[in-house]
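Note on naming: letters A, B, ... go to the chains in the order of the sequence lines (proteins, then strands), and numbering restarts at 1 for each one.
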Amino acid sequence: MPELPEVEVVRRGLATHVAGRTIAGVTVLDARAIRDHAGGARDFSARLRGARVTAVYRRGKYFWLALDGPGHGDAVLCHLGMSGQMLIRRCNDPEDRHTRVIMDLGDDVQLRFCDQRLFGGLRISDGGAQLPTEIAHIGLDPLDAEFDVRVFTGRIRKRRTGLKRALLDQSLISGIGNIYADEALWRSRLHYARDPALLRPPQIVGLIDDVVDVMNEALEAGGTSFDALYVDIDGERGYFDRGLHVYGHEGVGCPRCQTPIRRDRFMNRSSYLCPRCQRTPRRPRW
DNA sequence: ATGAATACCTGAGAGC
DNA sequence: TGCTCTCAGGTATTCA
């Protein structure tokens with residue numbers, strides 16, 4: 001569900017409200033939320049007790065709390081999956097639905113991990129404060145200062161797969177999900193089945209420019225919320241759904257040419273595109 | 001190397 | 001009302 005802009009909104013909220021705090025206690029309400037933590041719930045809680053959060057980092061859709069004190073150099077590695085939320089609450093605030101893990105942070109502050117579908121989760125990464133080895137296979141995201149569009153161009157043009165499939169491959173470039181893939185492809189007037197090897201390098205540079213633009217615009221709007229499943233750490237929605245041009249707009253006129261937006265089934269999910277602006281290629285790669 | 005299928009989950013909404 | 005079906009922003013693994 002949440003893609004890079006939504007995760008970055010959460011990361012910023014945590015950097016403001018959690019960094020500098022000490023974890024006084026951890027309650028795992030549903031062990032499935034930490035299924036990727038090798039040690040299980042007791043180990044998870046015990047190792048975090050007394051640890052201090054020094055900073056909150058992100059790569060793609062993953063983020064992590066860097067720890068000091070007990071667990072110095074370790075990190076709490078987090079992914080929101082399709083429906084995960086990080087909520088800052090007072091201890092006596094009403095319960096949030098689907099709360100799976102609660103971290104008490106002192107001063108009457110709680111961090112609650114809530115996740116309806118449980119595709120997300122938390123785990124401790126040994127020595128992962130700088131960059132968890134568990135996500136070594138995740139590529140740089142386009143907002144990372146280290147991201148080099150020339151390197152990316154070289155890599156994607158070697159991929160023998162469709163353009164959208166490549167954009168969604170988190171090992172090639174991270175942070176892009178179904179919404180922002182469709183929005184960026186529409187901005188670049190590229191069909192999802194274009195063959196990356198047949199694109200000119202400037203087209204790929206332009207596409208990445210569009211990815212960065214749409215993500216930055218979404219970030220300014222606080223992310224995209226279609227429903228209550230994506231909210232920031234205060235439980236507030238984002239407003240970028242108003243800024244979407246094609247995603248979820250089946251049958252609505254393309255903002256450029258008024259041709260009705262079409263929804264295709266692709267990779268077992270929906271792809272929205274303008275059939276006039278984004279012509280099906282002569283030699284498609286699916 | 002690539003990708004299809006599957007698994008992990010809950011819940012909202014549509015249609016009957 | 002209650003059943004079945006489809007859909008949803010993601011990732012990892014297995015098998016061909």
S.K.: Which pair of non-hydrogen atoms, one from L4(A) and one from G60(A), has the smallest distance, and what is that distance?
M.R.: CG-O, 4.2 Å
S.K.: So which nucleotide from dC7(C), dG10(C), dG9(C) ends up closest to the side chain of R265(A)?
M.R.: dC7(C)
S.K.: Could you tell me the separation between the CE atom of M267(A) and the P atom of dT6(B), rounded to a whole number of Å?
M.R.: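 The distance from CE of M267(A) to P of dT6(B) comes to 16 Å, rounded to the nearest Å.
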S.K.: What one-letter contact string describes nucleotides 9-14 of chain B from 5' to 3', where B marks a base within less than 4.0 Å of any protein heavy atom, S marks contact via sugar-phosphate atoms alone, and - marks no contact?
M.R.: BBSS--
S.K.: For N268(A) and R159(A), find the nucleotide of DNA chain B closest to each by heavy atoms; which residue's nucleotide sits nearer the 5' end?
M.R.: R159(A)
S.K.: Which dot-bracket notation, 5' to 3', represents the base pairing of DNA chain B when pairs are defined as Watson-Crick or G-U with both distances under 3.5 Å, crossing pairs as [ ], and inter-strand pairs as |?
M.R.: .|||||||.|||||||
S.K.: Which nucleotide sits closest to the side chain of R263(A): dG9(C), dC7(C), dA4(B)?
M.R.: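 Selected nucleotide: dC7(C).
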S.K.: Can you list every ring-ring contact (aromatic ring centres under 6.0 Å, His included) pair that touches residues 77-107 of chain A, not counting sequence neighbours?
M.R.: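 Qualifying pairs: Y62(A)-H79(A).
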S.K.: Over 60° means perpendicular and under 30° means parallel, so tell me whether F152(A) and F147(A) are parallel, tilted or perpendicular.
M.R.: tilted
S.K.: Not counting sequence neighbours, list each pair that qualifies as a salt bridge (Lys or Arg N to Asp or Glu O under 4.0 Å) and has a residue in residues 198-209 of chain A.
M.R.: none
S.K.: Quantified in whole Å, what is the P atom distance between nucleotide dA5(B) and nucleotide dC7(C)?
M.R.: 15 Å
S.K.: Which heavy atom of A75(A) sits nearest to which heavy atom of W64(A), and what is that distance?
M.R.: CB-CD1, 3.8 Å
S.K.: In whole Å, I'd like the distance from the CD atom of E134(A) to the C1' atom of dT11(C).
M.R.: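 Result: 15 Å.
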S.K.: Would you indicate what Y62(A) reaches in the nucleic acid, counting non-hydrogen atoms under 4.0 angstrom: base, sugar-phosphate, or nothing?
M.R.: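 Touches sugar-phosphate only.
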S.K.: Check the phosphate of dG9(C) against Y247(A), side-chain N and O only, distance under 4.0 Å to OP1 or OP2. Yes or no?
M.R.: yes
S.K.: As a quick check of understanding, evaluate salt bridge (Lys or Arg N to Asp or Glu O under 4.0 Å) for K61(A) and D141(A), giving each step before the final call.
M.R.: CA-CA 9 Å; K61(A) 304 170 200 171; D141(A) 66 60; over 6 Å; no
S.K.: Write down the distance separating the C1' atoms in dC15(C) and dA1(B), rounded off to the nearest Å.
M.R.: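 Pairwise C1' distance, dC15(C) against dA1(B), rounds to 14 Å.
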S.K.: Kindly give the atom pairs (protein nitrogen or oxygen, nucleotide nitrogen or oxygen) under 3.5 Å for nucleotides 14-16 of chain C.
M.R.:
none

S.K.: Just checking E95(A): does its CD atom have more than 12 heavy atoms from other residues, nucleotides or ligands closer to it than 6.0 angstrom?
M.R.: no
S.K.: In whole Å, I'd like the distance from the CZ atom of F63(A) to the P atom of dT11(C).
M.R.: 13 Å
S.K.: Please state whether the phosphate of dT11(C), meaning OP1 or OP2, lies under 4.0 angstrom from any side-chain nitrogen or oxygen of H79(A).
M.R.: yes
S.K.: With a 4.0 Å cutoff (strictly under), does any side-chain N or O of T161(A) reach OP1 or OP2 of dG3(B)?
M.R.: yes
S.K.: Please report, rounded to the nearest Å, how far the P atom of dC8(B) is from the CG atom of L80(A).
M.R.: 22 Å
S.K.: Strictly below 4.0 Å: does R155(A) bring a side-chain N or O up to OP1 or OP2 of dA1(B)?
M.R.: no
S.K.: For DNA chain C, whose closest nucleotide is more 5', that of L168(A) or that of S270(A)?
M.R.: S270(A)
S.K.: To the nearest Å, how far apart are M82(A) CE and dA7(B) P?
M.R.: 17 Å
S.K.: In sequence, state the C-alpha distance, the side-chain angles, and the governing distance for R47(A) and D74(A), and then conclude on side-chain contact (heavy atoms from CB on, under 4.5 Å).
M.R.: CA-CA 10 Å; R47(A) 288 175 57 187; D74(A) 295 341; 3.5 Å; yes
S.K.: Would you indicate which nucleotide in dA4(B), dA8(C), dT11(C) comes nearest to any side-chain atom of R165(A)?
M.R.: dA4(B)
S.K.: Let me know the distance between CD of Q85(A) and C1' of dG9(C), rounded to the nearest Å.
M.R.: 12 Å
S.K.: Checking S270(A) against R265(A) for the side-chain hydrogen bond (donor to acceptor under 3.5 Å, both in side chains) test, could you report, in this order, the C-alpha distance in whole Å, the side-chain angles of both residues, the deciding distance, and whether it holds?
M.R.: CA-CA 5 Å; S270(A) 295; R265(A) 297 298 302 178; 3.3 Å; yes
S.K.: Hey, is the main chain of V53(A) close enough, under 3.5 Å, to the side chain of R21(A) for a donor-acceptor pair?
M.R.: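 Between the backbone of V53(A) and the side chain of R21(A) there is no qualifying donor-acceptor contact (under 3.5 Å).
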S.K.: With distance as the sole criterion, is a donor-acceptor pair present between the side chains of T224(A) and D241(A) under 3.5 Å?
M.R.: no
S.K.: Test of understanding: with salt bridge (Lys or Arg N to Asp or Glu O under 4.0 Å), list the residues that count as partners of D195(A), not counting sequence neighbours.
M.R.: R285(A)
S.K.: Quickly work out the F266(A) CZ to dC7(C) P distance and round it to whole Å.
M.R.: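 Going from F266(A) (CZ) to dC7(C) (P), I get 17 Å.
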S.K.: Can a donor-acceptor pair be found between the side chains of R112(A) and T99(A) at a distance below 3.5 Å?
M.R.: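 No.
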S.K.: Expressed in angstrom and rounded to an integer, what is the separation of E250(A) atom CD from dA8(C) atom P?
M.R.: 10 Å
S.K.: Take atom P in dT6(B) and the same atom in dT6(C), then report the distance between them in whole Å.
M.R.: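 After rounding to an integer number of Å, I get 15 Å for this pair.
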